A.B. asks: 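I have a structure I would like to understand better, so I am pasting it below and will then ask my questions one at a time.
Residues take their numbers from the sequence shown, with the count starting at 1. This is a predicted model, so every value here is computed, not measured.
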Amino acid sequence: MDLVEAAVLHPRIGEVFEAVVVDVTDGKPGGQVQVTEPAVIARCDGDHLPLGERVPVRLTRADPATREVRFAAV
């Protein structure tokens, strides 16, 4: 699944998506966000991600070789 997500998103690096914050780690920056189109859950870098809230995120990494997808809060 991670490979497919990274391959689909690779041409869209730099694009901004609407996402929902689905997980945060207390005391650490960043968390997990869910983008609905395309349906992806991935790591998001940034401070003060509000759990359960919609946030704009920029796709910063989509690497099929490492199967990593990563966003950053805008």
A.B. asks: Report yes or no: do F71 and L51 belong to one cluster of Ile/Leu/Val/Met/Phe/Trp/Tyr joined by side chain heavy-atom distances under 4.5 Å?
C.D. replies: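 As far as the 4.5 Å side-chain criterion goes, L51 and F71 are connected within one cluster.
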A.B. asks: So, using salt bridge (charged side-chain N to carboxylate O under 4.0 Å, His left out) as the criterion, who are the partners of D2 when residues are at least two apart?
C.D. replies: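 Salt bridge (charged side-chain N to carboxylate O under 4.0 Å, His left out) list for D2, sorted by chain: empty.
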A.B. asks: Only pairs under 3.5 Å count here: list side-chain donor-acceptor contacts from residues 3-13, not counting sequence neighbours, and write none if there are none.
C.D. replies:
from : atom 1 : to  : atom 2 : distance (Å)
H10  : ND1    : A62 : O      : 2.7
R12  : NE     : E15 : OE1    : 3.2
R12  : NE     : E15 : OE2    : 3.2
R12  : NH2    : E15 : OE2    : 2.6

A.B. asks: Would you say that V21 contacts V55 through its side chain, given a criterion of any heavy-atom pair below 4.5 Å between the two side chains?
C.D. replies: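 Of all side-chain heavy-atom pairs linking V55 with V21, at least one is under 4.5 Å.
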A.B. asks: I need the minimum non-hydrogen distance between A73 and G46, along with the two atoms involved.
C.D. replies: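 Shortest heavy-atom contact: CB-CA, 4.3 Å.
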A.B. asks: Within a strict 4.5 Å, meaning less than it, do heavy atoms of the V33 and I41 side chains meet?
C.D. replies: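 SC-SC contact between V33 and I41 ruled out.
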A.B. asks: According to a 4.5 Å side-chain heavy-atom criterion applied to Ile, Leu, Val, Met, Phe, Trp and Tyr, with indirect links allowed, do V20 and V69 form part of one hydrophobic cluster?
C.D. replies: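 In one cluster: no.
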A.B. asks: Where is the tightest heavy-atom contact between R70 and L59, given as atom of each residue plus distance?
C.D. replies: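 R70 and L59 have their closest heavy atoms at O-CD1, 3.5 Å.
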A.B. asks: Among all residues two or more places apart in sequence or in another chain, which pass the salt bridge (charged side-chain N to carboxylate O under 4.0 Å, His left out) test with D63?
C.D. replies: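 Result, salt bridge (charged side-chain N to carboxylate O under 4.0 Å, His left out) vs D63: R61.
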A.B. asks: Taking the side chain as C-beta and beyond, is there a heavy-atom pair between E18 and P56 under 4.5 Å?
C.D. replies: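 Answer yes - side chains close enough.
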A.B. asks: Return the minimal non-hydrogen interatomic distance between R43 and Q32, and the atom names on each side.
C.D. replies: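 It is N-OE1, 3.9 Å.
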A.B. asks: Which heavy-atom pair separates G31 from L49 by the least distance, and what is that distance?
C.D. replies: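 Here G31 and L49 meet closest at N-CD1, 3.6 Å.
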